[in-house]
Amino acid sequence: MHRWTVVATWKFGETACAAAGALLREGSSSLDAVEAGAKAVELDPAVQSVGYGGLPNAEGVVELDAAIMCGRTHSSGAVAGITGIRTPVSVARRVMEATPHGMLVGQNARRFALQQGFRDETLETEASRAKFQTYIRSRRTPEVAHFDTEPTHDTVGVLALDSRGDLSAACTTSGLAWKTPGRVGDSPIVGSGLYVDNEVGAAAATGNGDEILKVCLSFLVVRFMAEGLNPQAACAEGIRYLLRKRPDTQWHGAAVIALSRDGRIGSAATQDGFRRPDRLWIYAWDQGDGVCSHEGEYVPHSR
Ligand code: ASP
């Protein structure tokens with residue numbers, strides 16, 4: 001019997017850990033747990049960067065990205081740019097289990113979801129509509145909004161280890177607010193937004209997805225663990241590599257969490273971009289003693 005563990009990005013990761021932990025405690029699989037954890041955040045309208053209530057693209061359309069990966073079978077499924085479905089992580093799981101494919105996109109992802117019995121529902125809330133109207137009025141370009149001090153993005157990444165010793169990961173986001181329609185970040189891309197190697201560990205990323213996907217951050221962190229680094233050192237090394245290759249990532253920020261197959265946890269973020277009073281790098285976890293959250297390590301950019 002392994003000690004179960006769940007870890008998730010950001011303060012709202014507490015919601016994910018509570019939902020996932022409730023299943024893990026009962027002996028459920030890590031796959032069911034990460035799906036439940038991600039879904040709980042997707043369905044929370046107060047979280048404006050994931051699922052229902054997420055902020056829209058530059059034309060006012062909410063486009064969601066999500067992925068799920070099962071360490072036991074090393075299988076994965078993803079959807080990108082899906083509209084009108086509140087729980088894209090569950091559609092991603094359906095892609096994994098009901099098709100031979102790894103990812104479906106846009107209108108065809110939505111069509112698949114509807115065929116699978118998912119409901120077509122509005123993703124907008126009064127609050128998300130109001131923010132979009134403010135954005136329109138401010139006439140900011142998407143590039144300017146990119147560096148808005150408000151949290152106009154943030155993905156929930158969820159990693160779990162179950163009592164059988166199997167790892168899984170899920171990742172779901174509405175991406176960057178006011179993004180160019182069709183833009184897809186790191187989150188639904190295996191190796192970038194999430195990665196699992198059942199013999200080693202799992203990782204998930206959040207932050208500037210346009211940069212994270214250029215270094216396959218989650219895969220990199222899992223490889224560092226395979227080479228012998230503990231999850232904390234592997235996360236810091238991954239962020240250091242990203243900052244070395246793409247120094248400008250520091251301004252917008254990127255972060256990663258990791259979980260080893262023996263239940264050790266790690267997390268790191270770029271110091272600039274995330275170490276601000278209005279935007280601290282927080283991650284959440286539960287290992288059977290209740291959900292907690294804490295500030296993670298910051299990696300400075302060294303020239
Ligand atoms: N990584 C996400 C994206 O670029 C956003 C975030 O996590 O802040 O779509």
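When a ligand or atom number is given, it counts from 1 through the structure's own listing order.
Between Asp186 and Lys214 no salt bridge is recorded (no basic side-chain N to carboxylate O distance below 4.0 Å). Between Asp166 and Arg261 there is no salt bridge, since no side-chain nitrogen of the basic residue lies less than 4.0 Å from a carboxylate oxygen of the acidic one. Between Glu227 and Arg223 there is no salt bridge, since no side-chain nitrogen of the basic residue lies less than 4.0 Å from a carboxylate oxygen of the acidic one. We find that Lys11 and Glu14 are joined by a salt bridge, their nearest charged nitrogen and carboxylate oxygen being less than 4.0 Å apart.
If you run side chain to side chain donor-acceptor pair (under 3.5 Å) between Glu35 and each of Ser90, Ser29, Ser28, only Ser90 comes through.
Below 4.0 Å from some heavy atom of Thr206 lie the following atoms of ligand 1, by number and element: 6 (C), 7 (O), 8 (O). Near Gly207, meaning under 4.0 Å from any of its heavy atoms, are these atoms of ligand 1: 1 (N), 2 (C), 3 (C), 4 (O), 5 (C), 6 (C), 7 (O), 8 (O). With ligand atoms numbered from 1 in the order given, ligand 1 contributes 1 (N), 2 (C), 3 (C), 4 (O) to contacts under 4.0 Å with heavy atoms of Asp186.
What you find for Leu167 and Asp197 is that their closest heavy atoms are CD1-O, 3.9 Å.
Any N or O atom pair closer than 3.5 Å counts here, and Asp154 shares at least one such pair with ligand 1. Checking only distances, Gly209 does come within under 3.5 Å of ligand 1, N or O to N or O.
Of the heavy atoms in Ser187, only side-chain atoms (C-beta onward) come closer than 4.0 Å to ligand 1.
Proximity annotation for atom 4 (O) of ligand 1: of Arg183, Glu63, His252, Arg183 comes nearest, heavy atoms only.
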